[in-house]
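Take a look at the structure below.
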2 protein chains.
Amino acid sequence: MLGFKYYTPTEVYFGSGVEKNVGEEIKKRGYKKVLVHYGGGSIKKSGLFNVIVESLDNSDISWIELGGVEPNPKIGLIREGIELCRKENVDFILAVGGGSVIDSAKSIGLGLVHNRDPWDMIIDGIIPEKSFPVGAVLTIAAAGSEMSNSHVVTNTEGGLKRSLNHDLLRPVFAFMNPEVTYSVSKYQTACGIVDIMMHTLERYVTPDKDTDLMDRMSEGLLVAVKEAGKIAIKEPNNYEARATLMWASSLSHNGVTGCGKTAPFPAHKIEHELSGKFDHISHGAGLAVIFPAWAKYVYKYDINKFCQLATRVWNVEMNFDHPERTALEGIEAMEQYFKSIGMPTTLRELGVGEDSLEEMADKCTGFGKRTYKSYVELGKKEIIDIYKIALGD
Amino acid sequence: MLGFKYYTPTEVYFGSGVEKNVGEEIKKRGYKKVLVHYGGGSIKKSGLFNVIVESLDNSDISWIELGGVEPNPKIGLIREGIELCRKENVDFILAVGGGSVIDSAKSIGLGLVHNRDPWDMIIDGIIPEKSFPVGAVLTIAAAGSEMSNSHVVTNTEGGLKRSLNHDLLRPVFAFMNPEVTYSVSKYQTACGIVDIMMHTLERYVTPDKDTDLMDRMSEGLLVAVKEAGKIAIKEPNNYEARATLMWASSLSHNGVTGCGKTAPFPAHKIEHELSGKFDHISHGAGLAVIFPAWAKYVYKYDINKFCQLATRVWNVEMNFDHPERTALEGIEAMEQYFKSIGMPTTLRELGVGEDSLEEMADKCTGFGKRTYKSYVELGKKEIIDIYKIALGD
C-alpha cells in the first residue's frame, strides 16, 4: 500500500426528495447569489428546475441561470459563465446536471477565484490555490464529479479535451435523488454504468502490489454496479438499481477505491482523444471501446491481476493450467456485458476508422512530448496499436 | 437503500513517516496552542512523542501535554483536560493514541466549545452545535475514532459507559503511519481486529433490504481484515498487514459501510455494560464475546443475511436444504477465527458469571426505560438471554 492523502469533504444528501432542501443548505453556508448552471433544458421539462429555484426562493437566495452545457463541456460557455458571474456578483454556483454540468461549474469557479482563463490554467499546468464554492444536484449517475477532485473541459479549437484534478475542486455538497435519474435514456444509463465501472477499474488494474483491501472493496462495488446496471436498463424506474448506480458513481470516483495505489488512468487518457474529436461519442461509450482494447494490450504483463478481476467480478472459472486464458476470458466477459447493456465495443461501431488513429495518438501524446506509464510505456506507437485493437477488425 | 447523509471531512495522511508533518498541518490551519493528549506513556518510550513535539516546535506551535488516558476513557481526566485547556488558552487538541485517547480529546473539545460538562451533555441528550478542532496521530488500528462522528466516555461513578455521535465530532485530520502500530501487542492487535470487523458487521447485519452495494463493499473489507489480521498476529512488523488494518479501521467506522442502512449497533450497546463495569475487559474482547451471542439469538429472523455473511465472508458452503445450518456455521466460523487470533468468545473466559447479568441488563436498558430494536425488541429479558448465551456454558 503506497502512502496517500484521502480527503472527501463533500456533504452528501441522498434519497427521495432531498433536492427540496438545496436552498436551505446554501443559506446555512451564508451565500447570497447563486448561478444555477445546467445543460440542455431537460431539467425544465422534468420540473426539477422549478423545485430547485422554489427552494432557493423560499430561502431568500437570489439566483440567475445559465443553461446550455453540452456533453464534453466547452470552454466557450465556461468563459461566458465567468463573465456573467463577475457581472452579477455570484458567490455560489449550483450545478444541476451530470458530470458535464458539474465540470463546467468547477471550471467557471476556477476562473473566477484565480482571475485567469481556466483553459490556460490547464494548459500551463497552474496548480489551483483557492476554491470557489460549487454545489451539485445530480441528475445522471456516471462521472462522479459530484464528489471528485477532477474535471474535464473541451476546447473546440483543435478538438482538445483536458483534465485538471485538485482537492480544491471537490463540490461542497451534493444532493442525490435516484428518482431524478428515472428519465435518463437507456443509452445514457449504459454510458453511465461504463463510466462508473471505469473509475474503479482504472484504479484497480495497476501494477501496485499488496492492495487487498482496496481490491476487494472495488470488486464489491463492481459486482453491485454490474447487477444494478442490468436492472436499471430493463426497469428504468427501479429505485434500488438507480440508487445503487447513483451512490456507486460517487464512491467510484471520490478516491476511496484508489487509496494506496497509483492511478495512471491510461484508458481515460486514450479515450479523451476520441470523445474530444468526435462530439457524437459519449465518454462512457468511448471507454467501453478503449478499456477492453487497452486490457488486451497489457494483460500479459499482469496475468494474476487480470485473473483476479475475471474470477471475482466476471464469474470466470480459474484455469490454473492456462491462467492467460482466464485473464482474456474476463476481458471478453466484460465486453459481453457492455454489449448486453447496449454499448459499443469497437471503434467501427462508433464510425471511427484507421484514418483518425494517428491524429488521435499524436494529440494524446502532445505530439510526442508525453508518454503514459501503464505496465509499459505508452507512446504514440503503442497508443496506435491499442486503437487498432479497438477497431475490432 | 434508505435516504442518508454522508459527510467525512477528515483529511487523512497515510504512510510511513507522515507524522513528521503534523506541526506544519496545524500551522497551515492557523492554530497556535496545542494540547498533546495521550495515554499511558508508551509514545514516550517509542520516541513518537518526540517526533510529534519536534514537528510542533519546528512549526513554532506552542504546546502543553496531558497524558494518562486509560482504556475506556474516564470523565475525570476529561474534566481535568477542560480546565487545563481553558487556563492555557489551547486552541487545538492533538490526540496521539488510539480510540480512547481520541475519544477523550473529542470530549474535552465538546466541553470547551459548549462551556458545559460533557458527561451531562451525553446524559441530558444535548445536541452539539459547535466544533472544537481535534486532530489525531493514530497508534492503534481499532476504534476508527480518527474519522468517525462518535465517541464513548466512561463514568466510574456507577461504571457507566455512554456514547454520543455527531458530525461535529469528526477530527479535522488524521495522520496514520502503519509502522507506529508494529509495537501493539498481539492481544491488543486482536482486540483491534474484532473492533474493526464489528463496526462493519453492526452496519451489515440489519433488517434493511436492497443494500447490495454496501453489503458487497463491506464483505470486501471484512475479508481483507480477516486475512490481514492473521498475518499481523504472526508478523507484527508486516507493513501491508498493519496498513490494511489501519486503513480498514477508519473505513469501517467513518460511515461509508453504513450508507442507506439503519445501524442500531445492538452488540455495542450490550457490550458497553461489560467493559464499562469491568475495567479489565477491552471493548474488542467484549465484542468478540457479545456479537456471536447476539447473532445466535437473532439469526433465525434473517437466515438469508446470515447465510450471505457465512458464505461470502467465512467461506461456508451454502446448504440449500438447511440454510439455518449455513447461518449458524457462519457464526461458528467467526468464533473460530476470533479464537485463532487469541480472543475470548465466552463471558466465563472473561471471568464474568451469572451474578452480573441482571445488573448489566438493567443498566443497558436504563432500568427498563429503553429497549433496542434489532430484528426483535431487546429489553431486559432479551438482553439477559443474550448474556446467558455469551456465558458459553
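Chain letters run A, B, ... following the sequence lines, proteins first, then strands; residues in each count from 1. Excluded from the calculations below are hydrogen atoms, water molecules and symmetry mates; all remaining heavy atoms, backbone and side chain alike, are included.
- Contact check for A/Leu213 versus B/Leu221: side-chain heavy atoms found under the 4.5 Å cut-off.
- The ring-ring contact (aromatic ring centres under 6.0 Å, His included) check on A/Phe173 picks up A/Phe92, A/Phe175, with sequence neighbours excluded.
- Note: B/Cys259 leads B/Ala174, B/Cys259, B/Ala228 in heavy-atom pairs under 4.5 Å with chain A.
- The candidate with the highest count of non-hydrogen atom pairs below 4.5 Å against chain A, out of B/Pro178, B/Gly17, B/Gly15, B/Ala243, is B/Ala243.
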Stepwise side-chain contact (heavy atoms from CB on, under 4.5 Å) check, B/Val12 with A/Phe4: CA-CA 8 Å; B/Val12 171; A/Phe4 62 87; 4.3 Å; yes

At a cut-off of 3.5 Å, what donor and acceptor atoms pair up between chain B and chain A?
unit_1: B/Met1; atom_1: N; unit_2: A/Glu240; atom_2: OE1; d: 2.6
unit_1: B/Met1; atom_1: N; unit_2: A/Glu240; atom_2: OE2; d: 2.8
unit_1: B/Phe4; atom_1: N; unit_2: A/Phe14; atom_2: O; d: 2.8
unit_1: B/Phe4; atom_1: O; unit_2: A/Phe14; atom_2: N; d: 2.8
unit_1: B/Lys5; atom_1: NZ; unit_2: A/Glu11; atom_2: OE2; d: 3.1
unit_1: B/Tyr6; atom_1: N; unit_2: A/Val12; atom_2: O; d: 2.9
unit_1: B/Tyr6; atom_1: O; unit_2: A/Val12; atom_2: N; d: 2.8
unit_1: B/Thr8; atom_1: OG1; unit_2: A/Thr8; atom_2: OG1; d: 3.2
unit_1: B/Glu11; atom_1: OE2; unit_2: A/Lys5; atom_2: NZ; d: 3.1
unit_1: B/Val12; atom_1: N; unit_2: A/Tyr6; atom_2: O; d: 2.8
unit_1: B/Val12; atom_1: O; unit_2: A/Tyr6; atom_2: N; d: 2.9
unit_1: B/Phe14; atom_1: N; unit_2: A/Phe4; atom_2: O; d: 2.8
unit_1: B/Phe14; atom_1: O; unit_2: A/Phe4; atom_2: N; d: 2.9
unit_1: B/Glu240; atom_1: OE1; unit_2: A/Met1; atom_2: N; d: 2.6
unit_1: B/Glu240; atom_1: OE2; unit_2: A/Met1; atom_2: N; d: 2.9

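- Heavy atoms of B/Leu222 lying under 4.5 Å from chain A are absent altogether.
- When the candidates B/Ala248, B/Ala241, B/Ala224 are compared by the number of heavy-atom contacts under 4.5 Å with chain A, B/Ala224 comes out ahead.
- Of the two parts of B/Met176, neither the backbone nor the side chain holds a non-hydrogen atom closer than 4.5 Å to a non-hydrogen atom of chain A.
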